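In this text the structure is predicted, and so the values were computed from the model without any measurement. All residue numbers in this chain count up from 1 along the given sequence.
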Amino acid sequence: MTFSGPEPWLPASLATQRLKAEEKTLDLEFEVLSVGFNEEGRYALRLSAENPLQAGSGTGVRLQVNDGDPLPACSVVTEAIEQQHPGQSLTLTRNKFTFTLPKGFCKNDGQHDARLHVEALRLDGGGPGQEAQRVGEAIFPIYPRPDQPRMNLAAQQHQDLYRYCGNLALLRASQDPTARHCGALAYSVAFHEHRVQHGEP
């Protein structure tokens, strides 16, 4: 998802603010409220902050899980969870992920597409030592954003550019265009300028 430039209805002052996103260090707070899969089994989620239009885009990204220390990482795998029957809603112990995105990660120039890639991994698909099988995925657009909900382009440093709750369908990882989703997750998200955490240099 790319946009060629600021929307024509934006006042010049707000358009300038949008273009300054590339000059800011930004935090994406993504919390998985619940998740469920359509088939029984053991699963985990992999969450990755990425910019597929830019090589090496994960460089400089830092990640904090729950209240842990921020570490240089752009991807994380959750603990394993057991889906015992379809329709069951599951929760994670390590469920809040704060990605600190360096300056230049988010731009609105048609050459950047900052997003959170969520992958569903099945862990019980084979024998010991077999790699987890990717069975589903979802894309959350970080920046630029679709029209709804709109960003607060006038946000000050202590305010959120956006904050809301939503749902993501985990689409089956298949070349078959008729393949349906393998599950879904509920989330809350906030996006704002970086806020220094206690003990952070």
Side-chain angles (χ1 to χ4, degrees), residues 1-35 45 47-54 57-68 70-71 73-76 92 94-118 137-170 184-201:
M1 177 183 59
T2 58
F3 299 100
S4 59
E7 292 86 344
W9 46 265
L10 281 177
S13 58
L14 293 187
T16 301
Q17 280 184 285
R18 163 161 289 191
L19 295 175
K20 288 183 178 179
E22 64 193 66
E23 302 174 7
K24 301 178 186 298
T25 300
L26 299 163
D27 285 342
L28 178 78
E29 299 177 10
F30 193 89
E31 184 173 355
V32 179
L33 303 177
S34 65
V35 61
L45 297 176
L47 298 91
S48 306
E50 61 183 27
N51 192 329
L53 302 180
Q54 299 292 317
S57 63
T59 302
V61 176
R62 296 179 66 83
L63 172 62
Q64 180 183 19
V65 180
N66 287 3
D67 295 323
L71 299 173
C74 63
S75 184
V76 61
L92 297 165
R94 301 166 67 243
N95 71 326
K96 184 176 181 180
F97 310 94
T98 302
F99 294 88
T100 298
L101 310 176
K103 295 177 181 178
F105 192 93
C106 295
K107 292 184 180 181
N108 191 24
D109 61 357
Q111 302 300 315
H112 290 70
D113 186 14
R115 67 188 196 179
L116 182 67
H117 188 190
V118 182
E137 63 181 345
I139 299 296
F140 176 85
I142 300 174
Y143 184 91
R145 290 284 304 163
D147 288 342
Q148 297 294 334
R150 294 198 184 281
M151 293 180 62
N152 177 16
L153 297 177
Q156 302 299 308
Q157 186 170 7
H158 64 284
Q159 297 176 317
D160 297 318
L161 289 162
Y162 55 79
R163 177 184 292 272
Y164 65 97
C165 295
N167 295 279
L168 280 179
L170 295 165
L185 63 86
Y187 65 88
S188 67
V189 65
F191 189 52
H192 51 72
E193 282 195 57
H194 177 57
R195 296 165 186 168
V196 177
Q197 304 292 325
H198 178 69
E200 185 178 345

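Not counting sequence neighbours, S188 has no partner by the side-chain hydrogen bond (donor to acceptor under 3.5 Å, both in side chains) test. Residues passing the side-chain contact (heavy atoms from CB on, under 4.5 Å) test with E193, sequence neighbours excluded: K24, L26, Q157. Judged as a side-chain contact (heavy atoms from CB on, under 4.5 Å), and not counting sequence neighbours, the contacts of A169 are L171, H181. Here E50 pairs with R115 under the side-chain hydrogen bond (donor to acceptor under 3.5 Å, both in side chains) rule; sequence neighbours left out. A search for salt bridge (Lys or Arg N to Asp or Glu O under 4.0 Å) contacts involving E31 returns nothing, not counting sequence neighbours. With sequence neighbours left out, the ring pair (Phe, Tyr, Trp, His ring centres under 6.0 Å) criterion links F99 to no other residue. In this structure, the side-chain contact (heavy atoms from CB on, under 4.5 Å) partners of S75, at least two apart in sequence or on a different chain, are R46, S48. Residues passing the salt bridge (Lys or Arg N to Asp or Glu O under 4.0 Å) test with R94, sequence neighbours excluded: none. Y164 is linked by a side-chain hydrogen bond (donor to acceptor under 3.5 Å, both in side chains) to R145, counting only residues two or more places apart in sequence or in another chain. Looking at residues two or more places apart in sequence or on another chain, you find no side-chain hydrogen bond (donor to acceptor under 3.5 Å, both in side chains) involving T25. For Y187, the ring pair (Phe, Tyr, Trp, His ring centres under 6.0 Å) partners are F30, F140, not counting sequence neighbours. A search for side-chain contact (heavy atoms from CB on, under 4.5 Å) contacts involving N167 returns A186, not counting sequence neighbours.
Between D27 and T100, some side-chain heavy-atom pair lies under the 4.5 Å cut-off.
For the pair R195 and D160, the salt-bridge criterion is met [side-chain N within less than 4.0 Å of a carboxylate O].
Between the side chain of N51 and the backbone N or O of D113 there is at least one donor-acceptor pair closer than 3.5 Å. Side-chain N or O atoms of N66 include one that pairs as donor or acceptor with a backbone N or O of N95 at under 3.5 Å.
Looking at every heavy atom in both residues, F105 comes nearest to A114 through CE2-CB, 3.6 Å. Shown here for F97 and V76, the closest heavy-atom pair between the two residues is CD2-CG1, 3.7 Å. Residues L63 and A73 approach most closely at CB-O, 3.5 Å, considering heavy atoms. Annotation for T59 and P102: closest pair O-CG, 3.8 Å, computed over non-hydrogen atoms.
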TODO: Might you work through the side chain to side chain contact (heavy atoms under 4.5 Å, CB included) test for H117 and L47, ending with a clear yes or no?
DONE: CA-CA 6 Å; H117 188 190; L47 298 91; over 6 Å; no
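In this structure, the separation between CD1 on I142 and CG on L116 is 5.5 Å, given to the nearest 0.5 Å. With values rounded to the nearest 0.5 angstrom, K107 atom NZ is found 10.0 Å from E23 atom CD. Atom CG of L101 sits about 12.5 Å away from atom CZ of R62, to the nearest 0.5 Å.
Among H158, Q156, E29, the single residue meeting the side chain to side chain donor-acceptor pair (under 3.5 Å) criterion with H192 is E29.
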